[in-house]
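Presented below is the structure to which this report refers.
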Number of protein chains: 2
Amino acid sequence: MRRTVDFKRKQKVIVVDDKYEHASGVRELVNLENDYEVIANAGNANVAISLIKKYQPDIVLMDINMPEMDGVNAIAEIQKLGVKTRIIVLTAYDDADLIYRAMKVGACGYVLKTMVSAQLIKALDEVSMGKIYLPNVLCSKFFEYFQEFEKNGNVNKEDDGEENLLHYLTNREEEVLSLLLEGATYKDVARELFISETTVKTHVNNIFQKLQVKEKTQAVLYAINKGFKPKAKKIAV
Amino acid sequence: MRRTVDFKRKQKVIVVDDKYEHASGVRELVNLENDYEVIANAGNANVAISLIKKYQPDIVLMDINMPEMDGVNAIAEIQKLGVKTRIIVLTAYDDADLIYRAMKVGACGYVLKTMVSAQLIKALDEVSMGKIYLPNVLCSKFFEYFQEFEKNGNVNKEDDGEENLLHYLTNREEEVLSLLLEGATYKDVARELFISETTVKTHVNNIFQKLQVKEKTQAVLYAINKGFKPKAKKIAV
DNA sequence: TTTCATCTAAATCTTTAGGTTTAGATAAAA
DNA sequence: TTTTATCTAAACCTAAAGATTTAGATGAAA
């Protein structure tokens, strides 16, 4: 197992855990390694953030207690600090949702407390070298969740079961609608498309018929709901 | 390395690659293993899909050529078939975007052609056991991309740098706005909130002032852009 | 108590929006 | 060649939206 043996300073580590004994245990474990040095403990997210701002550690070992779940927010906050600190989650929970959210907001590693201490050191090694450390089991969990999430969350609005009435619109009608989606009045549309306002009204009326709505705002809302994307956009200067 | 030794049938594999020699090579390689059997080759996505529908293989080894990038669409299509077939991507490209998109649409494994053949078999083993196979290097690439994507793509609309004028709205104004967001006319709002239409107009005008817009549709669009969420919704029966 | 924000609503007005009908021009399709 | 679809636009109308001013009621804050 290659370690960062080059004559560099020790990697500065901060341990965040609301249970002091836990933090101490981790501290001792990490301090046994030559390459790492725990420079501080933090009992909660706020303290952790100020310590990180102050010391700019290389790595944060962060305990996340599932029930509260604000550990994830803490990670997100730390990311926003703009420091190069990398975060490894150290938790008792292998919950797929937790893994997903932690990784999403920028965690670089995820280690279970039930795992042997060697894994923690491995995580430190990998992460300090700029890699992501996610044990296979957890990686699988992550992807299960991720793929499920993408399937349901990013529902393709263009076919949500119901018929997409937008398909019936002609090109011109789509052009008109896309301008309405920018908040244009009929007069604006007329000016933009070089047609008379009457013509605009005709188009708009046809749009209403096809979308089965009775108003401009409703048409706009329908379009947004169905994920309307104008094909070619006329640039207004 | 534990393999699925239990007295089960061989895992049925289909190889998808537009280069026949490639497919043949993979076929021979896989057929050397006792646990797997390549039952068909496909030269393109369409053929692959009909073969999958017909044979319902356990695993598909799919080549993806970066330039075209419709391999990802093919994976998505296969997912929609509702078969339990699992897909392993086999490609020459370790592009982060490609990895991300392939995994997103449901790939279960990702192997580079430059990797040794043992890795391919490892991938087959892992995936056939229901796990995800993503070598560490690729895993890191994925997460780099994923985290970057979540940072930029899922911008929190509530603070996108610009001031959120929605904050200035009073409760009543928010109620009115939320009804407008459902496509309500002023009359509708008046009926819904048990106030006169004149009052509605007053509120709406105040909303316009605060949101710095001049029209209902624009107000609605502003609200949607800023991720407006009505606090308490009055239920209309 | 006075000020201030909020919600209410009237009166009066102009401007858009929307409905309906009719119809000319064009180009593609049958 | 005759439909058919599409885009155009007029005339004429009603309804809705929006601007502006004024003002009463309430309740919280100073």
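Residue numbering restarts at 1 for every chain, and letters A, B, ... go by the order of the sequence lines. These numbers come from the heavy atoms of this one structure, side chains and all, not from hydrogens, waters or symmetry mates.
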Exercise. Choose from dG19(C), dC7(C), dT8(D) the nucleotide whose nearest atom is closest to any side-chain atom of H203(A).
Key: dT8(D)
Quiz item: When rounded to the nearest 0.5 angstrom, what is the spacing between CG in L138(A) and CG in L98(A)?
Solution: 10.5 Å
Quiz item: In whole angstroms, how far is the P atom of dT6(D) from the CD1 atom of I195(A)?
Solution: 16 Å
Quiz item: What does S196(B) touch in the nucleic acid at a heavy-atom separation under 4.0 angstrom: a base, only the sugar-phosphate, or nothing?
Solution: sugar-phosphate
Quiz item: Rounded to the Å, how far apart are K201(A) NZ and dT22(C) P?
Solution: 18 Å
Quiz prompt | side-chain contact (heavy atoms from CB on, under 4.5 Å) partner of Y110(A), the single match among I132(A), T91(A), I88(A) | solution = T91(A)
Quiz item: Across the strands shown, which category fits T198(B) at heavy-atom distances under 4.0 angstrom: base, sugar-phosphate, nothing?
Solution: base
Practice problem: Looking at every strand, decide which applies to T170(B) at a 4.0 Å heavy-atom threshold: base, sugar-phosphate, or nothing. | Solution: sugar-phosphate
Quiz item: Are E175(A) and R172(A) close enough for a salt bridge, meaning some N to O gap below 4.0 Å?
Solution: yes
Practice problem: Grab the CG-P distance between L169(B) and dT6(C) for me, whole Å please. | Solution: 10 Å
Quiz item: What nucleotide, of dC7(D), dA16(D), dT8(C), holds the atom closest to the side chain of T199(B)?
Solution: dT8(C)
Practice problem: Ignoring the backbone of T185(A), work out which of dA17(C), dA17(D), dT20(D) is nearest its side chain. | Solution: dA17(C)
Self-check item: Candidate nucleotides dA9(C), dC7(C), dG19(C), ranked by approach to the side chain of T202(B) - the nearest
Solution: dA9(C)
Self-check item: Closest contact, heavy atoms only, E173(B) versus I207(B)
Solution: O-CD1, 3.4 Å
Self-check item: Rounded distance in Å - CG (N206(A)) to P (dA5(D))
Solution: 13 Å
Quiz item: What is the distance from NZ of K187(B) to C1' of dA16(D), rounded to the nearest Å?
Solution: 8 Å
Quiz item: How close do I64(A) and V72(A) get, heavy atom to heavy atom, and via which atoms?
Solution: CD1-N, 4.1 Å
Exercise. Among dA17(C), dA9(C), dC7(C), find the nucleotide with the atom closest to the side chain of N171(B).
Key: dC7(C)
Quiz item: Which whole-number value in Å describes the distance from Q209(A) CD to dT20(C) P?
Solution: 8 Å
Exercise. Can you tell me the distance, in whole Å, between the NZ atom of K214(A) and the C1' atom of dT14(D)?
Key: 14 Å
Practice problem: May I have the distance from R172(A) (atom CZ) to dT6(D) (atom P), rounded to whole angstrom? | Solution: 14 Å
